[in-house]
Each structure stands twice: as structure tokens, then as C-alpha cells.
Amino acid sequence: MLRDPFLKGLRDQRRSLAIWAASVSCYVVMMCSLFPSIRESAGDLQGYIDSMPEAFRKAFMGASTDFGDAVTYLNGELFSFMTPLLLIAFGIAVAAAQIAGEEESGTLGLLLAYPVSRARLLAQKYAVLVTGTVVLCAAHLAAMSVADVMIGLGLPAGDLVGAHVMLLLLALAVATVAFAVGAATGKRGLTIAIGAALGVVAYLLNIVAQLVQSLLWLQKLSLFYYYGGAEPLRLGLQPANAVVLLLVTAVAGGVAWFAFARRDVHV
Amino acid sequence: MALVVDTEHLTKYYGSSRGIIDVDLDVETGEVYGFLGPNGAGKTTTIRILLDLIRPTSGAATVLGLDARRESVAVRRRVGYLPGEYALYPRLTGAETLRYYANLRGGVDWSYVEALAARLDFDLGRRAADLSTGNKRKLGLIQAFMHRPELIILDEPTSGLDPLVQREFYAMVDEARSAGQTIFLSSHILPEAQRVCSRVGFVREGRLVAVEDVASLSKRAVHHVEIEFAGPAPRDEFAVLPGVGSLTTTDHRLTFTVRGALDTVVKAAARHEVIALTSHEPDLEDLFLAYYDEGAGGGADKSPGEGPWRRDPARIRDDPDPREGSADAS
């Protein structure tokens with residue numbers, strides 16, 4: 001596991017990744033197992049939901065408001081907020097630990113005195129981030145699939161996988177921007193701050209744009225909009241939106257490479 | 001002779017603050033080159049440019065005939081480097097850390113790593129988080145030497161090492177030189193450079209102000225001489241001798257400095273009954289002060305205590321050479 005920076009990176013985060021994956025899986029199974037009792041009281045809940053202003057309802061719940069439906073329920077409880085929040089938080093944390101983390105702790109200078117090009121190091125560090133995020137996303141998907149079978153949620157398999165692909169792309173887009181900040185500046189705090197700010201702004205922008213009709217165009221500036229907003233599990237894989245998220249990731253990755261290859265490395 | 005390190009007008013500014021200015025280095029194959037100067041003079045900046053960790057504002061550097069910037073990976077394959085400051089991965093043991101570094105290089109003979117560890121009395125099994133400063137430096141030295149590189153760049157190699165380990169380190173440097181390896185080391189500890197280097201470059205406020213052979217430096221050295229006579233000290237006889245200065249007399253005792261050879265002084269002393277004669281060999285600090293004062297045009301206002309080479313107690317303690325202590329006591 002100490003053969004190269006990629007494998008060492010995986011080794012460094014094996015424990016934290018295992019904890020993250022286990023926690024996320026437990027949370028998913030717990031939320032899924034609450035669904036049968038929610039469905040029973042869906043009638044009472046529906047009156048409450050229907051009394052909300054339409055724009056508000058749409059912003060937080062999407063087009064479907066039927067809480068007796070598992071897809072709507074999981075969109076509201078997991079996919080619209082909690083799940084992307086967790087994935088993004090994980091992605092930012094891992095991104096910050098790569099170039100910026102190694103630079104601030106003082107190990108990067110010696111590492112780069114070895115015959116490893118900056119581009120190669122950057123690629124391997126980025127691969128650590130991608131691998132970790134894919135594993136966490138897969139754990140989420142696996143937990144949900146197991147819960148689906150156990151509880152009989154009847155989730156459409158295609159959309160389930162599609163939603164997870166969109167989830168992965170959203171988390172990677174935000175985390176790659178954070179990674180680029182770390183690669184360009186070597187500052188861990190700034191990496192986390194900008195990554196977190198991007199995630200929060202993207203989420204709020206998508207909500208606010210829907211609440212204020214005249215600001216609806218702002219939605220297009222939000223990564224959450226391309227991810228599927230409040231109803232990723234109903235929308236499934238959205239190829240055009242996926243391309244937008246991939247483009248953001250690619251541009252951020254390019255910036256990371258360009259900036260890191262050119263700048264001075266601190267101690 | 002082929003140049004191992006060759007820089008031309010190497011200049012680095014950090015924003016508007018000075019790093020180094022117009023540094024022209026030429027380190028030849030097989031020599032031990034001491035890069036000397038006080039902290040903040042620009043030694044580390046120069047070294048970091050050679051390894052492409054930072055990029056020069058202007059000028060160029062070649063290392064082992066390769067462009068330090070464009071062919072940096074090839075340069076780093078053939079160079080060993082001990083940074084002045086660095087951190088280790090706290091959760092890895094010494095052995096794991098060195099395995100990782102050896103894997104990044106490829107082709108490292110692990111039995112040689114173990115031999116170096118044994119030689120420096122370094123425990124490979126301890127986790128980096130539990131290592132003392134001295135042990136961290138040992139690990140740094142091992143990774144710099146472990147692939148028997150053609151060029152070894154050492155930034156303040158002995159800081160934090162205890163005297164026994166320092167002695168072992170000096171032996172390692174001597175052996176590396178015998179094996180044809182080139183060593184470029186920075187130091188602010190002048191007696192250390194005097195002990196291991198064949199040539200020294202003095203850097204001051206970002207500029208390389210002098211490059212000298214250690215041997216020829218010693219020839220035009222300033223000796224500190226003290227003579228105790230049986231009778232009254234013949235002050236006037238010595239005051240007129242060429243090269244003699246800073247003459248003081250106390251009773252039967254005469255102390256002075258001599259620039260250059262001691263011959264005339266010894267012959268003058270021979271005409272009197274001499275009880276004791278001691279001569280302290282000059283250290284590089286005095287040599288450089290003499291050099292720098294000449295360069296600055298007299299510089300009578302610069303006493304050794306105020307110059308850039310101020311001799312602080314910590315530095316003297318760093319020096320394993322007992323001669324230094326007695327020189328100060330006298």
C-alpha cells in the first residue's frame with residue numbers, strides 16, 4: 001500500500017472511508033425502514049403538505065407530493081438534501097487532505113524532491129478523491145438496494161442507479177473545485193471554505209430561484225439544479241445535466257493542473 | 001571538470017521581497033561544496049530552485065547537465081535531498097516511510113537502507129510521530145543517501161544531531177566523496193563547513209559574495225598568536241613585522257593576529273626566551289570577516305561580534321570540535 005501516492009492515499013483514508021460508508025449505509029437503511037409507517041399516516045401528512053404554498057412545495061419536494069410514494073419520500077428525506085450534503089462534505093474533506101493537506105503538514109516539499117512529476121502526483125492524488133467518492137456513493141446505492149428488497153419499496157432500478165450517478169457527479173464537481181483550490185493555493189482552510197461555500201450556495205440558489213418566480217433563471221447557475229434538485233430519484237439519469245456537471249469537474253481539474261504545475265511549493 | 005551544479009544569474013523574488021540575486025554557482029564533480037551564510041541569506045531558496053520546488057524569477061540552473069526546470073524529474077532521480085525543514089507522515093514507522101520513498105525512486109537496495117540505519121543508530125520500527133528531532137534528521141539523512149545518488153544536496157544537515165551522530169555524518173560525507181559523489185551542503189555553522197568542505201561559497205543578503213578553496217583560504221589566514229616571554233614582552237619588535245595587527249601586551253605576554261605565514265613572527269620570537277607559544281588556527285568565520293571587511297573597504301566599524309557572522313553560544317555548542325571552545329576561553 002506504500003507503492004505510490006495513490007495507494008498511500010487510499011491507505012491513509014481507509015479507516016475514515018470505512019466509517020463514512022458504514023454510517024451512510026446505516027442512515028439510508030434507517031430512513032428506508034421508516035417508510036412503511038410514514039405511508040400509513042400519509043393521509044394526515046398529505047393535508048399538511050397540500051396546505052403549503054405551491055412554489056415552496058415544488059422547491060423542496062419536486063413535482064410529486066405524494067408522500068405515500070417511496071420515490072417521493074426518499075427524494076424528500078435523502079436525495080434532496082441529506083445525501084448530497086454528506087457526499088459533498090466527504091468529498092471536500094478528502095480534497096483538502098490531498099495537495100493542500102500534505103503541503104500544510106510539511107511533507108509535500110520532500111515528496112516533490114523525488115522523481116515524481118507534479119502532473120503525476122496531482123493525478124494520483126485526484127484519483128484518491130475519485131475512488132473515495134465512488135466507494136461512498138456505491139455504499140449508498142448498495143444500502144438502498146438492500147433496503148428496497150428487504151422492505152419492498154419497489155424502487156425503479158434504472159432510476160435508482162441513475163440518481164446515484166447524478167449524485168456522484170454532483171459530489172465530484174464540488175469536490176474537484178475544492179481540490180483545485182487546494183492545488184492552486186496549498187491552503188487547507190481555504191479549500192474547505194470555498195468547497196463548503198460552493199455547496200451551500202448551489203443548494204440555496206436552486207431553492208431561492210424556485211421560490212421567486214422572477215429569479216427562476218438563477219437555477220441554471222446551481223449545480224443542484226443539474227443534479228436533479230428535489231427529485232433526483234424520479235428523474236434518474238439526466239444525460240445533458242450529467243454533461244454539465246462533468247464539464248464543471250473537467251474545468252476545475254484543468255485549473256488544478258495548470259496552477260499546480262506552475263506555482264512555487266511551500267515547505 | 002564537469003559542473004554538477006551550474007547556475008547563471010539565478011534570481012528569485014517572493015513578491016517584492018528578496019530571495020536571491022544573480023547567483024552564479026559552479027559545483028564541480030566530486031567536490032564537497034559548502035554553501036554558507038547566515039539564516040535568511042538565500043541558501044534554502046537556491047536549493048529549492050535546483051529541485052524545481054520553486055521557480056526562479058530570472059536566470060537559469062542546470063543540475064547534472066540537465067535543465068533544473070524542464071528536466072526536473074530526471075534531475076531528481078539522480079539527486080538525494082535533505083530539506084532544512086520537513087515533516088514526516090506521523091502514522092508511518094521509519095521503515096514504512098523509507099519504503100514509500102524507496103518505491104517512489106525505484107531500484108533502492110534495501111540492505112543499504114538498513115546499513116545506514118544501523119550506522120546512524122536509527123530505530124526503523126518507531127512511528128514518525130514518536131521520533132525526536134534528532135531521529136527525524138537521521139531518517140532524512142538516510143533517505144538522502146539511500147540510493148547512492150550522484151549529487152547529494154543537504155540543507156543544514158547537522159542541525160539537531162548530537163555530536164556522535166555528527167561525526168558519523170562527517171564520515172558518510174567523506175566516504176561519499178571518495179566514492180565520487182558530489183555533495184552540496186548549506187550551513188551557517190562555519191567550523192562544520194571547514195571540516196568537511198573542499199570549497200565554500202559565501203552568500204550574504206541573497207548574493208554570492210565569495211567563493212574560496214578551503215585550503216587556500218587557510219593559507220592567507222589570520223592566525224591568533226599568543227607568546228609568553230621569560231622577560232618583558234618585546235612589543236616594538238613585533239609591531240613592525242609585516243601582517244601583524246591587533247597587538248596587545250600584558251606583562252610578559254604578547255597577543256596579536258598575523259595575516260599570512262607565521263615565519264617572520266617565529267623568527268622574531270626565536271631571538272628571545274620563549275615560555276609558551278600558542279597559535280589558534282583561524283576558522284572560516286574569521287576568514288570571511290577578513291574577506292568581507294576588505295571587500296567593504298576597511299570596515300573598521302565591524303567587530304566580529306556585530307558582523308553578519310555573529311558567534312552565538314548555540315552555534316558554538318553545535319560544533320563538535322573542542323578547539324573552538326578553548327579558543328573562546330583564551
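Residue numbering restarts at 1 for every chain, and letters A, B, ... go by the order of the sequence lines. It should be emphasised that the depicted structure is a prediction, and the values quoted were computed from it without experimental measurement.
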K.L.:
So B:Leu92 and A:Leu2, do their side chains get closer than 4.5 Å, heavy atoms only?
P.N.:
yes
K.L.:
When you compare the side chain of A:His266 with that of B:Ile54, does any pair of heavy atoms fall below 4.5 Å?
P.N.:
no
K.L.:
Just so I understand: if I count every heavy-atom pair under 4.5 Å between each of B:Thr44, B:Val73, B:Ile49, B:Asp52 and chain A, which residue has the most?
P.N.:
B:Val73
K.L.:
Kindly compute the distance separating NZ (A:Lys8) from OH (B:Tyr89), expressed to the nearest 0.5 Å.
P.N.:
5.0 Å
K.L.:
Write down the atom of A:Ala261, the atom of B:Arg69, and the distance for their closest heavy-atom approach.
P.N.:
O-NH2, 3.8 Å
K.L.:
Using atom types as modelled and distance alone, determine if a side-chain donor or acceptor of B:Arg91 lies under 3.5 Å from a backbone N or O of A:Asp12.
P.N.:
yes
K.L.:
Verify, without hydrogens or angle tests, whether A:Arg262 (side chain) and B:Arg55 (backbone) share a donor-acceptor contact under 3.5 angstrom.
P.N.:
no
K.L.:
So with a 6.0 Å cut-off around CG of B:Asp121, is the heavy-atom count from everything else above 12?
P.N.:
no
K.L.:
Could you look at A:Arg11 and say if it's the side chain, the backbone, both or neither that has a heavy atom under 4.5 Å from chain B?
P.N.:
side chain
K.L.:
To the closest 0.5 Å, what do you measure between CD (B:Glu85) and CG (A:Leu110)?
P.N.:
13.0 Å
K.L.:
What I want to find out is whether B:Lys12 reaches A:Asp264 closely enough, with some N-O distance under 4.0 Å, to be called a salt bridge.
P.N.:
yes
K.L.:
Is there a donor-acceptor pair closer than 3.5 Å between any side-chain N or O of A:Arg3 and the backbone N or O of B:Asn103?
P.N.:
no
K.L.:
Measuring heavy-atom distances to chain B, does A:Ser105 have an atom under 4.5 Å in its side chain, in its backbone, in both, or in neither?
P.N.:
backbone
K.L.:
Please round to the nearest 0.5 Å and tell me the distance separating atom CG of B:Leu104 and atom CG of A:Leu111.
P.N.:
6.0 Å
K.L.:
Which one of B:Tyr81, B:Tyr14, B:Tyr101 has the most heavy-atom pairs closer than 4.5 Å to chain A?
P.N.:
B:Tyr101
K.L.:
Taking B:Arg105 for the side chain and A:Tyr114 for the main chain, is one N or O donor matched with an acceptor at less than 3.5 Å?
P.N.:
no
K.L.:
With a 4.5 Å cut-off on heavy-atom pairs, point out which of B:Gln143, B:Arg99, B:His147 contacts chain A the most.
P.N.:
B:Gln143
K.L.:
With a 4.5 angstrom heavy-atom cut-off, which part of B:Leu53 approaches chain A: side chain, backbone, both or neither?
P.N.:
both
